Amino acid sequence: MKPTFYLTTAISYPNGSPHIGHAYEAMATDAIARFMRLDGYDVHFLTGTDEHGIKMLQTARREGLTPAELADRNAPLFKDMVALLGCSNDDFIRTSEPRHHAASKAIWERMQANGDIYLDSYAGWYSVRDEAFYGEDETIVRDGVRYGAQGTPVEWVEEKSYFFRLSAYQERLLALYEQHPEFIGPAERRNEVVSFVKGGLKDLSISRTTFDWGIPVPGDPEHVMYVWVDALTNYITGAGYPDVEGESFKRWWPADLHVIGKDIVRFHTVYWPAFLMSAGLPLPKRVFAHGFLFNRGEKMSKSVGNVIGPKDLVDAYGRDQVRYFFLREVPFGQDGNYSHEAIVTRINADLANDLGNLAQRSLSMIAKNLDGTLPAPGPFSDEDAAMLARADAMLPACREAMAMQQVHQALNVVWAVVADANRYFAGQAPWALRKTDPARMETVLYVTAEIVRQVAILAQPVMPESAGRLLDLLAVPADARDFTVLGPAGRLPGGVALPAPQGVFPRYVETDEAKAAG
RNA sequence: AGCAGAGUAGCUCAGUCGGUUAGAGCGACGGACUCAUAACCCGUAGGUCGGCGGUUCGAUUCCGCCCUCUGCUACCA
């Protein structure tokens with residue numbers, strides 16, 4: 001019985017088109033999902049769209065649509081993006097689906113039964129943009145318009161609202177952070193959350209009556225659920241809630257990992273565990289917040305004109321290349337920058353020159369000098385053994401990095417071996433051995449091919465297609481590509497006929513239009 | 001304002017639980033080679049490790065203060 005691993009991205013708000021931030025989160029989470037599968041876990045990977053809320057309603061009105069129509073039009077864009085990026089999600093949830101309505105209704109009722117939901121009324125200055133109320137003293141009037149603390153316009157709203165007794169969970173949340181420091185990652189985020197919670201928690205307004213695009217509150221259809229109650233619940237919907245006795249829910253919940261953006265840490269590390277505690281459900285093991293991406297140091301914005309869609313990037317550079325770039329270049333958890341120049345440098349230096357060329361130079365020697373047959377190695381020299389040992393050591397180092405979602409570190413580990421292998425190859429100079437010591441040449445070529453094999457296996461989570469082609473070139477069977485064959489256990493067999501070598505990672509050649517895109 | 005983190009080679013960053021010559025990648029320059037995707041390999045780059053002071057035989061690494069930047073929280077207007 002394989003151990004299970006359930007991981008999620010945040011669900012995207014489809015009142016516009018997917019942007020690079022959505023793509024980044026999906027790519028990174030997919031890499032983690034693929035890594036875990038290859039490492040022997042039974043993985044469930046969920047992503048989707050968060051379709052309710054007043055902003056969807058407003059955007060729909062502006063475009064002359066109903067919110068449901070807007071959601072139906074835009075949700076496929078996100079689904080397509082995920083596919084375009086090669087994501088291996090097992091499910092794509094839309095919060096407008098019946099299964100999600102059922103789950104949201106159920107968790108609400110559980111929280112209510114636990115005495116944590118009460119009806120009260122709320123009056124105050126409300127910012128639609130912030131989806132938040134502000135006290136009178138938090139607002140300012142400028143040019144006849146009143147603005148809230150975040151500088152967004154506010155309007156006076158008075159409505160009845162259900163409240164969640166968040167204040168009752170302060171101590172239990174602090175105990176959670178204390179007992180499970182790994183609950184929040186990266187570690188820096190934990191302190192922020194702890195200090196926020198220590199500062200005192202107020203009860204949370206969790207329903208709205210001013211619009212109806214949402215999930216109706218059970219027993220009081222005048223209200224729809226606050227969009228975050230609805231949105232967060234998607235994670236248990238995806239596991240099969242409310243069928244808590246069902247096989248799916250028992251199998252997948254609690255989630256092992258929620259991957260989110262740093263802007264929504266509080267919802268996931270304060271509100272969400274409180275909701276779950278109230279509903280009597282187990283808590284996710286870990287919430288990891290990644291950073292934001294900036295184009296040449298600037299946040300993407302339409303006015304700056306630097307908005308690049310995921311599709312533009314994939315079209316310009318290739319899917320695996322884009323995945324590799326973002327996951328290697330940006331330390332996962334920190335903000336990062338990207339630019340055309342940086343992407344091209346990574347593609348050419350790391351992929352074409354280092355890995356692609358390593359494969360090509362060794363495989364073409366096998367093709368030309370050994371009739372395309374992978375040689376059986378002779379006795380290993382100290383250099384051979386050292387090189388193999390470095391490759392064999394990759395898996396534990398990658399595991400350690402991936403356990404903390406340090407995807408870039410895992411790639412660093414692998415590419416350090418690629419660099420070593422190029423040094424090894426140049427140092428052994430098999431092209432010279434061809435004349436002086438053909439048997440040694442064969443061993444060196446074998447060792448190099450074996451390094452490429454292990455590198456390719458470990459590159460699969462990030463570049464599934466390209467790494468697969470590399471393994472094809474080594475005639476590695478489809479059932480010998482997971483992590484169980486890393487290390488000495490899965491050494492390439494000598495004497496196997498290899499296909500004609502082909503470049504897997506072409507150099508990026510500059511064109512004017514691509515430059516304009518980056 | 002409080003709390004947290006950061007300030008290291010041209011750029012992006014790693015690192016030092018205090019100690020001989022502070023590292024990597026990219027970029028630049030020089031060299032070598034020819035198996036390979038004009039790739040790879042070797043060498044050089046002389047950086048006050050933000051500033052000042054302290055502890056110490058010795059601090060980039062510990063302590064204090066200051067400056068700058070970032071995040072979180074609060075508040076004022």
Side-chain angles (χ1 to χ4, degrees), chain A residues 134-142 146-151 184 186-202 261-266 269-270 289-292 294 296-297 299 325 328-331 333-339 341-370 401 406 408-409 411-413 415-416 418-436 438 440-442 444-445 448-449 452 466 470 473 501-509:
Chain A
Y134 295 104
E136 175 96 24
D137 55 349
E138 287 183 290
T139 65
I140 180 175
V141 177
R142 197 166 57 235
R146 189 174 287 267
Y147 295 93
Q150 303 299 318
I184 303 168
E188 307 88 82
R189 296 281 157 211
R190 200 180 85 92
N191 297 329
E192 296 175 3
V193 174
V194 169
S195 68
F196 171 75
V197 173
K198 277 186 175 159
L201 295 174
K202 286 188 286 192
K262 67 179 185 179
D263 53 328
I264 52 176
V265 168
R266 185 187 303 172
T269 60
V270 180
H290 65 252
F292 294 152
F294 300 95
R296 298 175 188 282
K299 188 170 182 176
F325 170 77
R328 172 72 193 271
E329 181 86 0
V330 182
Q334 296 179 29
D335 291 345
N337 274 296
Y338 65 99
S339 65
E341 290 77 9
I343 295 172
V344 170
T345 296
R346 280 295 177 194
I347 289 174
N348 287 345
D350 292 10
L351 299 182
N353 296 350
D354 285 354
L355 177 54
N357 189 47
L358 175 67
Q360 189 67 13
R361 68 198 304 202
S362 54
L363 293 175
S364 74
M365 280 198 76
I366 292 172
K368 288 176 187 169
N369 302 301
L370 299 171
Q406 299 300 284
H408 62 291
Q409 284 287 22
L411 289 171
N412 268 327
V413 165
W415 258 260
V418 173
D420 279 338
N422 272 312
R423 272 189 286 276
Y424 163 83
F425 199 84
Q428 298 300 310
W431 57 90
L433 293 169
R434 179 167 56 121
K435 295 167 188 160
T436 59
R440 263 306 289 162
M441 175 194 77
E442 293 187 8
V444 170
L445 292 177
T448 305
V452 172
S466 308
L470 230 31
L473 293 177
Q502 289 180 323
V504 172
F505 298 107
R507 283 182 67 77
Y508 182 89
V509 181

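Just so we're on the same page: letters track the sequence lines, and every chain starts at 1. We use all heavy atoms of the structure for the numbers below, so side chains are in, but hydrogens, waters and symmetry mates are not. Quick caveat, the model's predicted, so the values are computed rather than measured.
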Give one of base, sugar-phosphate or nothing for [X], where a contact means two heavy atoms less than 4.0 Å apart.
X: A/V194; answer: nothing
X: A/G199; answer: nothing
X: A/N422; answer: sugar-phosphate

Under 4.0 Å protein heavy-atom contact, by nucleotide of nucleotides 25-35 of chain B - B base, S sugar-phosphate only: -S------SSB
Shortest non-hydrogen separation from A/L358 to A/A421 and the atoms involved: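 Looks like CD2-CB, 3.6 Å.
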Determine all donor-acceptor pairs shorter than 3.5 Å in which one atom belongs to a side chain in residues 192-200 of chain A; sequence neighbours excluded.
| from | atom 1 | to | atom 2 | distance (Å) |
| --- | --- | --- | --- | --- |
| A/E192 | OE1 | A/R189 | NH1 | 3.1 |
| A/S195 | OG | A/N191 | O | 3.3 |
| A/S195 | OG | A/E192 | O | 3.1 |

N/O (side chain, A/R507) to phosphate O (OP1/OP2, B/A39) under 4.0 Å: yes
Residue whose closest nucleotide on RNA chain B lies nearer the 5' end, A/A352 versus A/R189: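 It is A/A352 whose nearest nucleotide is closer to the 5' end.
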Nearest-nucleotide 5' precedence on RNA chain B, A/P506 against A/E188: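 Its nearest nucleotide being more 5', the pick is A/E188.
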Between B/A36 (P) and A/I366 (CD1): distance, integer Å: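 A/I366 atom CD1 is separated from B/A36 atom P by 13 Å.
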Between B/G71 (C1') and A/R190 (CZ): distance, integer Å: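 Rounding to the nearest Å, CZ of A/R190 and C1' of B/G71 are 16 Å apart.
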Separation between the [atom1] atoms of [N] and [M], rounded to whole Å:
N: B/G25; M: B/C63; atom1: P; value: 32 Å
N: B/U21; M: B/C49; atom1: C1'; value: 16 Å
N: B/C17; M: B/C13; atom1: P; value: 23 Å

Under 3.5 Å donor-acceptor pair, A/N191 side-chain atoms to B/A4 base atoms: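 Looking at the base of B/A4, it does not pair with any donor or acceptor on the side chain of A/N191 (distance under 3.5 Å).
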Residues in salt bridge (charged side-chain N to carboxylate O under 4.0 Å, His left out) contact with A/R440, at least two apart in sequence or another chain: A/D384
A/W415 side chain near A/L355 side chain, heavy-atom distance below 4.5 Å: yes
Mind listing the N/O atom pairs, protein and nucleotides 8-15 of chain B, below 3.5 Å?
none

Intra- and inter-strand pairs of RNA chain B in dot-bracket (Watson-Crick or G-U wobble, both distances under 3.5 Å; | for another strand): (((((((..((((.....[...)))).((((.........)))).....(((((..]....))))))))))))....
With sequence neighbours excluded, residues passing side-chain hydrogen bond (donor to acceptor under 3.5 Å, both in side chains) with A/R361: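 Checked A/R361 against side-chain hydrogen bond (donor to acceptor under 3.5 Å, both in side chains); matches are A/N422.
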